[in-house]
Amino acid sequence: MILRKLADAAMDVVWPRRCAVEGCGRPVDRPGRHVCSACFATLPYHDRRGCRICGSVPEADEPNDFTCADCLESPPAYDLCRSAVRHEFAARQLVLDLKFRRWTWLQEDLVDLLEGAARAKLDLPEVDVVVPVPLCRGRRFVRRFNQAELLAEGLAARIGRLCLPGALARTRDTGHQSRLGGKARRDNVKGAFEARLPELLRGRTVLLVDDVSTTGATLSECAATMKKAGAARVWCLTVSRSVREQS
Ligand SMILES: [Zn+2]
Ligand SMILES: [Zn+2]
């Protein structure tokens with residue numbers, strides 16, 4: 001690890017790395033990172049105040065502390081969900097590049113986003129452990145890594161908490177959810193997870209981490225599973241959040 005970092009630093013002097021954002025091409029001026037400071041500063045940050053539970057931002061102005069219609073109608077099992085950026089433009093590209101092009105070297109850049117959101121939007125001292133949303137074994141085998149695990153491990157190291165990738169497992173593949181609506185997504189993930197380390201979850205405040213959230217159905221099902229196993233609170237944090245909040 002140290003050798004790799006030294007080699008990277010030497011390469012940066014000889015041949016500066018270029019920003020990973022498509023169409024940028026500037027040399028990267030953030031040490032050990034792959035996104036330049038200009039691109040990093042102009043990502044579509046999800047910083048308007050949203051629903052106090054799911055964090056979704058309404059189109060019309062709402063009072064400061066409100067609960068959205070979706071959360072009132074079918075309250076999620078998690079206690080709250082926050083995200084760093086909207087899933088669009090360069091933010092979407094980086095999240096998808098990590099997952100589908102296996103650009104795992106984007107880890108630190110994306111963990112920067114998670115850490116920033118965690119410090120700004122969560123009461124961090126309350127968090128006991130960090131748990132990633134698991135992939136099913138087949139998909140993990142094909143992709144060779146779980147992007148949520150990479151992000152959760154990076155974040156846990158930054159905030160000095162234990163990361164427990166073994167705390168949740170998928171009991172079956174839930175397929176691609178992208179074409180399903182909110183209700184269908186909730187039905188599709190029902191019972192798809194299993195808590196494996198109940199003794200480490202009991203009474204704890206768990207920070208559940210994923211790369212992107214759309215309707216929050218997967219996060220809610222993971223939270224329900226961990227709460228059944230004894231977790232006291234489950235807070236969710238994702239790098240990006242789908243802009244069109246579906247219900
Ligand atoms: Zn750039
Ligand atoms: Zn809500």
Side-chain angles (χ1 to χ4, degrees), residues 8 11-12 15-98 101 103 105-113 116-117 121-122 181-183 185-186 189 207-208 210 212-224 227 233-247:
D8 278 356
M11 279 301 284
D12 282 348
W15 189 20
R17 58 183 103 188
R18 299 278 159 185
C19 177
V21 169
E22 273 169 29
C24 173
R26 276 179 286 240
V28 179
D29 51 353
R30 302 167 64 237
R33 303 297 191 265
H34 293 83
V35 175
C36 77
S37 58
C39 287
F40 193 81
T42 52
L43 288 172
Y45 288 94
H46 191 273
D47 46 13
R48 267 183 62 202
R49 241 187 130 89
C51 164
R52 65 186 178 83
I53 299 176
C54 72
S56 72
V57 171
E59 276 167 27
D61 272 343
E62 291 275 357
N64 248 347
D65 195 26
F66 76 100
T67 306
C68 75
D70 287 348
C71 289
L72 284 174
E73 200 185 312
S74 44
Y78 54 72
D79 298 273
L80 60 85
C81 180
R82 299 292 180 263
S83 310
V85 289
R86 300 190 302 274
H87 195 61
E88 57 184 12
F89 311 122
R92 179 173 183 275
Q93 180 224 313
L94 295 170
V95 166
L96 297 182
D97 282 344
L98 169 69
R101 297 168 95 172
W103 284 5
W105 36 266
L106 287 175
Q107 180 189 18
E108 295 298 330
D109 292 272
L110 296 177
V111 171
D112 287 340
L113 291 174
K121 303 178 184 190
L122 300 175
K183 169 84 168 68
R185 282 182 187 229
R186 285 196 294 275
V189 293
L207 184 56
L208 179 64
D210 207 355
V212 50
S213 74
T214 305
T215 62
T218 300
L219 295 168
S220 183
E221 187 62 24
C222 286
K227 283 194 170 176
R233 290 184 293 187
V234 178
W235 295 348
C236 307
L237 186 65
T238 68
V239 175
S240 70
R241 169 187 301 249
S242 159
V243 195
R244 239 188 59 230
E245 311 279 357
Q246 301 158 359
S247 59

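When reading the values below, keep in mind they use all heavy atoms of this one structure, side chains included, and skip hydrogens, waters and symmetry mates. Whatever order the structure lists them in is the order used to number ligands and atoms, beginning at 1.
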The Zn ion (ligand 2) as vertex, arms to SG of C51 and SG of C54: angle to 10°? 110°
Test S240 against every option in R92, H46, H87 by the side chain to side chain donor-acceptor pair (under 3.5 Å) rule and name the one that passes. H87
Would you please classify the geometry between the H34 ring and the W105 ring as parallel, tilted or perpendicular, with 30° and 60° separating the classes? tilted
Rounded to 10°, how big is the angle at the Zn ion (ligand 2) from C68 SG to C71 SG? 110°
Under 3.5 Å, is there a donor-acceptor pair between the side chain of D79 and the main chain of R233? no
How wide is the angle at the Zn ion (ligand 1) spanned by C19 SG and C24 SG, rounded to 10 degrees? 110°
What I want to find out is whether R186 reaches E73 closely enough, with some N-O distance under 4.0 Å, to be called a salt bridge. no
